[in-house]
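A quick write-up on the structure given underneath.
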Amino acid sequence: MPRLSRKFFARDAVVVARELLGQRLVRVCNAQPLAGLITETEAYVGEDDLACHARAGRTARTEVMYGPPGHAYIYLNYGLHWLLNIVAERAGYPAAVLIRGLAPVRGIEVMRRHRRGRPDRSLADGPGKLTQALSVNVALNGADLCARAAELYIERAASPPPTRIIAAPRVGIDGVPEPWRSVRWNFKLLTG
DNA sequence: GCGACGATGGGCT
DNA sequence: GCCCATCGTCGCA
């Protein structure tokens, strides 16, 4: 199964976010591959985007976003949850795609263990849940998803038909001014 | 099924 | 010192 190349990520972050739907995210955890189909994404685009962390400019935290595309940008949210992004566009321009949901397809038993006590339905259906299920944390910040020996990468899968894609405003940014609050850069894959 | 809310810590003004 | 790109639980219907 071919992996997505750096060229895939070196494009408009909104396009990358939409086209990541249905692709297969793989996390190699103790030599065991855990995988899920990407069901929800969100684009954060440049210093002008007031919902993007790069609105504050280049800092220690946002440094990875300013680097080359195809790397993981991971940060701690609300002091509790690790959130996983993939850097997009060109080096020097800060943009990333937040992975907000997965449908588990491989290593489900391990994911259940990582998410003890949770029903299968909620193993990875949120940005903080999926990092827990895949054991993704700051140790992978800056990791290159296009490297030969990557422990985190994305495999090419069939693209879903446009009729199965929903575009909506991004989640959890109610304090952000327009137009950034309402721009439809959240993408969801309809199941069924 | 839904709304309120507490947990919890780093980043930035 | 305030602000979060969230999750799980509780109370109530």
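What you see is a predicted model; the values in this text were computed from it and never measured.
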Inset, instruction - Can you run through DNA chain B from 5' to 3' and write each base as (, ), [, ], | or . depending on how it pairs? Watson-Crick or G-U wobble, both distances under 3.5 Å. - result: |||||||.||||.
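Among the protein residues, A/R170 comes within range of no part of the nucleic acid, since none of its heavy atoms lies under 4.0 Å from any strand. Residue contacts for A/I173: at a heavy-atom cut-off of 4.0 Å it reaches the sugar-phosphate backbone alone, with no base atom in range. Counting any heavy atom pair closer than 4.0 Å across all strands shown, A/R115 reaches sugar-phosphate atoms only and no base atom. Among the heavy atoms of the strands, none lies under 4.0 Å from A/S122.
Taking the 5' to 3' direction, DNA chain C first and last meets chain A under 4.0 angstrom from a heavy atom at C/dC4 to C/dT9. From the 5' end on, the contacts that DNA chain B makes with chain A at under 4.0 Å to a non-hydrogen atom open and close at B/dA7 to B/dC12.
Partners of A/N141 by side chain to side chain donor-acceptor pair (under 3.5 Å), not counting sequence neighbours: none found. Applying the salt bridge (Lys or Arg N to Asp or Glu O under 4.0 Å) rule to A/K188 yields no partners; only residues at least two apart in sequence or on another chain are considered. Under the salt bridge (Lys or Arg N to Asp or Glu O under 4.0 Å) criterion, A/R58 pairs with A/E63, not counting sequence neighbours. Applying the salt bridge (Lys or Arg N to Asp or Glu O under 4.0 Å) criterion to A/R61, with sequence neighbours excluded, gives no partner residue. Applying the salt bridge (Lys or Arg N to Asp or Glu O under 4.0 Å) test to A/R112 and every residue at least two apart in sequence or in another chain returns A/D120. Qualifying side chain to side chain donor-acceptor pair (under 3.5 Å) partners for A/Q23, counting only residues two or more places apart in sequence or in other chains: none. Remark: A/Q32 pairs with no residue by the side chain to side chain donor-acceptor pair (under 3.5 Å) rule, at least two apart or across chains.
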Inset, instruction - Apply the test side-chain contact (heavy atoms from CB on, under 4.5 Å) to residues A/L134 and A/H114: give CA-CA distance (whole Å), side-chain angles for both, the deciding distance (0.1 Å), then the verdict. - result: CA-CA 8 Å; A/L134 299 185; A/H114 290 158; over 6 Å; no
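Other residues, nucleotides and ligands contribute only 12 or fewer heavy atoms inside 6.0 Å of the CZ atom of A/R106.
In the hydrophobic clustering of this structure, A/I99 groups with A/V138; members are Ile, Leu, Val, Met, Phe, Trp, Tyr whose side-chain heavy atoms approach within less than 4.5 Å, directly or through other members.
Note on ring orientation: taking the six-membered ring where Trp is involved, the planes of A/Y73 and A/H53 are perpendicular (angle over 60°, cut-offs 30° and 60°).
A heavy atom closer than 4.0 Å to some atom of DNA chain C occurs in no member of residues 131-145 of chain A.
Panel note: side chain A/R115, backbone A/Q132; no donor-acceptor pair is recorded below 3.5 Å.
Hydrophobic cluster membership for A/L37: A/V105 (Ile, Leu, Val, Met, Phe, Trp, Tyr linked by side-chain heavy atoms under 4.5 Å, directly or transitively).
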